[in-house]
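Got a structure for you, questions after.
All ligand and atom numbering here is 1-based and tracks the order in the structure.
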Amino acid sequence: MNTFGLPPGFVFGTATAAAQIEGAVHEGGRGESIWDAYARTHTNILDASSAAIACDHYHRYAEDFDLLSMLGGQVYRMSIAWPRIQPLGRGPAKPEGIAFYHRLLDALLDRGIEPWVTIYHWDLPQALQDAGGWQNRDTVDAFADYTRILRDEFGDKVAAWMTVNEPVVHTGVGHAIGRAAPGLMLLGSAFVVAHHLLLAHGTAVRILRETLSTPVGIVNNHSPVEPATGSERDAGLAALYDHYHNGQFASPVLTGAYPPQLGEVAGISFEVIRDGDMEIISVPLDFYGVNYYFPTRVGAAPPFYPVPFAPKEYVGLPVTDFGWPVMPYGLLKILTELKTSYPQMPPVYITENGCAYDDGPQGGLQGPGGALQDTRRIEFLEQHLAAIGEAVAAGIDVRGYFHWTLLDNWEWQEGYTKKFGLVRLEPATLERIPRASFYRYAEIIRSARGPNPT
Ligand code: FCB
């Protein structure tokens, strides 16, 4: 056991997503994604930016992977941009796109870093959106073809596959309330999107397993929920929200059934489910990915709100620049709740966890070693690792941690305004400047791995 109570063999790394870092959206024959289209309406993005340049990782990946080598983690979570592989979401693979990801994967392997690949991190080809996107069951078939291409091309280089990233956020924010691409306001009827994303997940697992024995999992966002007051009404609303946010995606995957209580949310109808779907969705997994950022307090929604519950402010907890309350104990809490609800849960990896703090050079925060003193990120990191250590001590099989994220990047609808990087991205020059948290994380990894990591 190391300082944080993490077991031997526990792996460390960082996580990124293609759309947030690559840029080069018109290169290599890449097609348009729903995020390119969404960002064209400037009011959709907080700083009216787009991901056209982002971190220019497309051209600077070698430099970025040198940073990963300095950091010393064993694993790196990245995603593949579907519009680079199939610009219109269907048809033959684009050779430039394939070649680009071969270069990327080789560059990681050359540095002794295991590539953990997310197949879908929200960047649907716009052409598929024009044909109904995830509301259309045909998109599941398109996803199956895309997965076959990735499997056949990259199967011998990828160390672990993750099918879809955070379907709850993609469904809820992107399709129910219209605050992220593709910007639809389907409210409860966005459930059809949730179901198709989960079907895509299960279908992809089967396809990968036809020829590979590589570990496969899903990545779900989880948030422990508590009622805003001691009232019975708030307790009921908190329980309902818990079914919506946590149960809607964990339960079908881990037990083969949606929480029946979901039917109480206006607009959600189980009619979309066809015979055989739940078997596909609940195919056993090698691991379960948990993304944790913050807990949620739930109370009654204001009048004319589309759902009965609404998030309420935490009093007394520090918040990040995103306004997200910081509660490391929440990670232990949600892991414990998941384990209690799903005793059969496979080994867990924390596939994302991190915080937005703009501790840059502006405020005289440059430290003695030249590093930017992002003390709050260091504390966040250490406290969350300690929470994982406690979960391990309680018997929960957590095997790794991916910090979100390596570099400041394009944070979706927040544009470049939220800085999640262990490494600062200098906006004008795209220069990479490691923050103090980068060096601290490197030290933690080094001491956990021992002097001669293999
Ligand atoms: C998660 C997303 C990731 C990033 C972080 C801050 O919900 O998966 O891409 O935006 O939040």
Is R377 positioned over the aromatic face of Y357, cation under 6.0 angstrom from the ring centre and no more than 45 degrees off axis?
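That pair does not qualify as a cation-pi contact.
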
Shortest non-hydrogen contact from H121 toward T16:
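Reported closest heavy-atom pair: ND1-O, 4.5 Å.
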
Side-chain donor or acceptor of R179 paired with backbone N/O of Q413 under 3.5 Å:
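Not confirmed, R179 side chain does not pair with Q413 backbone.
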
Proximal protein residues to ligand 1, non-hydrogen atoms under 4.0 angstrom:
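Within the 4.0 Å shell of ligand 1, which is judged on heavy atoms, sit Q20, H121, W122, N165, E166, Y293, E352, W404, E411, W412, F420.
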
Option among Y401, Y76, W161, F287 that satisfies the ring pair (Phe, Tyr, Trp, His ring centres under 6.0 Å) test with W116
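The single option meeting the ring pair (Phe, Tyr, Trp, His ring centres under 6.0 Å) with W116 is F287.
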
Just checking, is any N or O donor in the side chain of R40 or S50 under 3.5 Å from an acceptor N or O on the other one?
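No - no donor-acceptor pair under 3.5 Å links their side chains.
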
Let's go through D374 and R440 carefully: what are the C-alpha distance in whole Å and the side-chain angles of both, what is the deciding distance for salt bridge (charged side-chain N to carboxylate O under 4.0 Å, His left out) to 0.1 Å, and is it a yes or a no?
CA-CA 10 Å; D374 55 340; R440 177 64 186 127; over 6 Å; no

